[in-house]
*Asks:* 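The structure under discussion is supplied below as structure tokens; questions concerning it will follow.
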Protein chains: 2
Amino acid sequence: MSRTTINDIAALAGVSKGTVSRVLNGHPRVSERSQEAVWQAVTQTGYRANVHARSLATGRNNAIALLIAAASEQLFNDPTFAELIEGVRDGLLDSDLSLVILMGGSEIEDHRTVSYIKAGHVDGLIHLNPFIDDPITAGLADSALPLVLCGPRPPIPLPRRNWLVTMDDVGGVRQALDHLASRGARTIAMIGGDPRGVSAGIRFQAYRDWLGPNFDPDLFEPGDYGTGSGNVAFGRLPDRRPGIDALFCASDRMAIGALETAYRRGRHVPGDLLVMGFDDHQIAAQADPPLSTIHQPIREIGRTAASTLLAAMAGETPSDKIFPTQLVVRGSTWPQSTPTDSH
Amino acid sequence: MSRTTINDIAALAGVSKGTVSRVLNGHPRVSERSQEAVWQAVTQTGYRANVHARSLATGRNNAIALLIAAASEQLFNDPTFAELIEGVRDGLLDSDLSLVILMGGSEIEDHRTVSYIKAGHVDGLIHLNPFIDDPITAGLADSALPLVLCGPRPPIPLPRRNWLVTMDDVGGVRQALDHLASRGARTIAMIGGDPRGVSAGIRFQAYRDWLGPNFDPDLFEPGDYGTGSGNVAFGRLPDRRPGIDALFCASDRMAIGALETAYRRGRHVPGDLLVMGFDDHQIAAQADPPLSTIHQPIREIGRTAASTLLAAMAGETPSDKIFPTQLVVRGSTWPQSTPTDSH
DNA sequence: CTGAAAGCGCTTACAG
DNA sequence: CTGAAAGCGCTTACAG
């Protein structure tokens, strides 16, 4: 009934437990004979090393944590996260590290997450969406663990060893606005992202800078990246500021919400309103009309975050990675196409 | 630089490490004097016990795993999961167990998840959405760990010690269909849920049983719980089977997709089509018209799953819990209300 | 109430 | 190539 241990294997294989350990860890100088005997005993018994004993002996955990600032419904509604997580898992696939997902949100949960990490459960960290004043990140300020941020650096102290793997927010915003301008837009409004996140502020600033003297606070409405907030925001903008002929949204989902509201209000896209999203999720291509947007290589960001962390944990010194975005033009800014249901 | 250990605390407090351990674990018989000295030393140094040493000594992990069959985009689009997870976290809040989230999907990931559990990282399991032929559950068939299923029992061998915490699928379906009938529906179509999951089959069967001799395969269309699949499914149903005057969807999101398609096709809800969802998410109340639906106490299911597991881990023998559902009537089946935008 | 000691199951220099 | 032994940092009977 009691679990088989390395001693059982040693006895079965007729070697010392030191040799068992060497075989299990792929140590270079072990005789064929020993190897065979050990593997035979291992498969026969279904033996698995006790991870705690191993960690205690080596000081390593073979686990990394995926940090998520808050587990709101919004988060779970956001395809970006699903893709980012998939990417990270991809990047970990041929390491044997396990991935522990930790979420903040309430004070208790933030505290618990920080505790878990400080208790030494993991060897490295990937933070998916640091907030501006992120309590988890803040709680780790004096940690020696390597941290990879998927997003811009928040303005608070970080662990000493940290890296950035993200995409070029500012460049993406410019691509969108340049494109709208090239399509003849004169008055471009913006619906921004969740202001708790760092990138929402950066995208807003990029928009403001691009407009320069033409910037008008009435042209901007904050959102939370979700469809509903796009609906609401575009319900307000045109009343407050007439003459809007183009709309740039910080996420595809908000753009789709806005599209819906525009439709209900009888505004024709792209006929009398150009609309752009940001993300290039599946939903963008499926929208009616199909949504022009800024493509970000989310999955690759996730993968790269993982490989960067692996490198850092191996003692290398990887570099930050900022991926370029890419303009994707579809019906919502494409005057030629007249979207119809039939045909 | 090296981490403080129990020995450092013992030295600082002037007691043996046995006493330190007793204080830390709240052992009943320790002198005030020792307690104070130890806590003082602990706070002064910021000491935290090494979890691996502790686990090795006690044989316990103080961690449980939350299993998710597959991390598709659909999953992350589903508010049910967010709520369920929140509920579980709620239920764990005043234990000091940590929650490790493990996901399956590909073969590698399923294997990895099973491995992680078998390697002895956790003391208990909560499975959020067992599939009919769930590879993770199957991999754990001979496990001695307690398992709580949030959903119906899949037709494959489970760990010996398992419990169900879920809601009454069949009752919910009947409530919906009875309600539609009471509103005068004659020909009720259904859009079903993700057929990989166990409850989708049960809901379909309940629908079929309810219709009895009136059941017609052409009235049923499978979906995946997501909005898009509601759109698609309701795009097909009326063409294939004229005369449909009511639609029951296995999720609110599919119902909203169907509502959209109905709107575009000029069908008036509830005037010439009654529509019901299932879940009672926020989005149901916000839909246009507001969606009648079947309320399930998701958050409480999550909380109860956690407390049931805690009880099982403490050696008690909790009972299964099947929560009743509740009918929620709104505009989509409420003939009196004529939804309009402007008041 | 508390100390000394054994033990949890591994890994890894150290000799040979 | 390999065994014997020390050590990782805790917990917990066992005495006292």
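Chain letters run A, B, ... following the sequence lines, proteins first and then strands; every chain starts at 1.
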*Asks:* What's the CG-P distance between Asn62(B) and dT11(D), to the nearest Å?
*Replies:* 10 Å
*Asks:* Checking all strands, does Thr5(A) fall into the base, sugar-phosphate, or nothing category for heavy-atom contacts under 4.0 angstrom?
*Replies:* sugar-phosphate
*Asks:* Would you indicate, yes or no, if dT12(D) has its OP1 or OP2 atom less than 4.0 angstrom from a side-chain nitrogen or oxygen of Ser21(B)?
*Replies:* no
*Asks:* Checking contacts here: which listed nucleotide (dC8(D), dC1(C), dC1(D)) is nearest the side-chain heavy atoms of Ala57(A)?
*Replies:* dC8(D)
*Asks:* Thr58(B) side chain N/O closer than 4.0 Å to the phosphate oxygens (OP1, OP2) of dT12(D)?
*Replies:* no
*Asks:* Just checking Asn25(B): base, sugar-phosphate only, or nothing, at a heavy-atom cut-off of under 4.0 Å?
*Replies:* sugar-phosphate
*Asks:* Reckon Arg29(A) touches a base, only the sugar-phosphate, or nothing at all at heavy-atom distances under 4.0 Å?
*Replies:* base
*Asks:* Run the side-chain hydrogen bond (donor to acceptor under 3.5 Å, both in side chains) check on Thr137(B) and His127(B) step by step: do they pass?
*Replies:* CA-CA 8 Å; Thr137(B) 317; His127(B) 199 149; 3.3 Å; yes
*Asks:* Would you mind classifying the nucleic acid contact of Ser55(B) as base, sugar-phosphate or nothing, using non-hydrogen atoms under 4.0 angstrom?
*Replies:* nothing
*Asks:* Could you work out which one of dT2(C), dC10(C), dG3(D) sits closest to the side chain of Val15(A)?
*Replies:* dG3(D)
*Asks:* Watson-Crick or G-U wobble partner for dA13(D), using a 3.5 Å limit on both distances?
*Replies:* none
*Asks:* Measure CD/Glu36(A) against C1'/dC1(D) and give the value in whole Å, please.
*Replies:* 15 Å
*Asks:* Can you check the Lys17(A) NZ to dT2(D) P distance for me, whole Å?
*Replies:* 17 Å
*Asks:* Do Ser31(A) and Ser34(A) pass the side-chain hydrogen bond (donor to acceptor under 3.5 Å, both in side chains) test, and can you show the C-alpha distance, the side-chain angles, and the key distance before you say yes or no?
*Replies:* CA-CA 5 Å; Ser31(A) 71; Ser34(A) 298; 2.9 Å; yes
*Asks:* Is there a Watson-Crick or G-U wobble partner for dA4(C) with both distances under 3.5 Å, and if so, which one is it?
*Replies:* none
*Asks:* Measure the distance from CG on Asn61(B) to P on dG9(C) and round it to the nearest whole Å.
*Replies:* 13 Å
*Asks:* Do the non-hydrogen side-chain atoms of Leu92(B) and Ile64(B) ever get within less than 4.5 Å of each other?
*Replies:* yes
*Asks:* Take atom CG of Leu24(A) and atom P of dC10(C), then tell me their distance rounded to the nearest Å.
*Replies:* 9 Å
*Asks:* Does a distance-only test, which skips hydrogens and angles, find a donor-acceptor pair under 3.5 Å between the side chain of Arg22(A) and the base of dG3(D)?
*Replies:* yes
*Asks:* Quickly work out the His52(A) NE2 to dT11(D) C1' distance and round it to whole Å.
*Replies:* 15 Å
*Asks:* Tell me what Arg33(A) touches on the nucleic acid: a base, only sugar-phosphate, or nothing, going by heavy atoms under 4.0 Å.
*Replies:* nothing
*Asks:* What's the CG-P distance between Leu56(B) and dT12(D), to the nearest Å?
*Replies:* 12 Å
*Asks:* Within the pair Arg48(A) and dC10(C), is there a side-chain N or O less than 4.0 Å away from OP1 or OP2?
*Replies:* no
*Asks:* Salt bridge check: are Glu86(B) and Arg89(B) linked by an N-O gap of less than 4.0 Å?
*Replies:* yes
*Asks:* Please determine, for the side chain of Asn50(B), which listed nucleotide (dG3(D), dC10(D), dT2(C)) has the closest atom?
*Replies:* dC10(D)
*Asks:* Quick one: label Thr19(B) by what it contacts on the DNA or RNA (base, sugar-phosphate, nothing), any heavy atom closer than 4.0 Å.
*Replies:* sugar-phosphate
*Asks:* Only one of Val23(B), Val38(B), Thr19(B) passes side chain to side chain contact (heavy atoms under 4.5 Å, CB included) with Ile9(B); say which it is.
*Replies:* Val38(B)
*Asks:* Is the shortest side-chain heavy-atom distance between Val100(A) and His121(A) below 4.5 Å?
*Replies:* no
*Asks:* Between atom NE2 in His27(A) and atom P in dG3(D), what is the gap in whole Å?
*Replies:* 13 Å
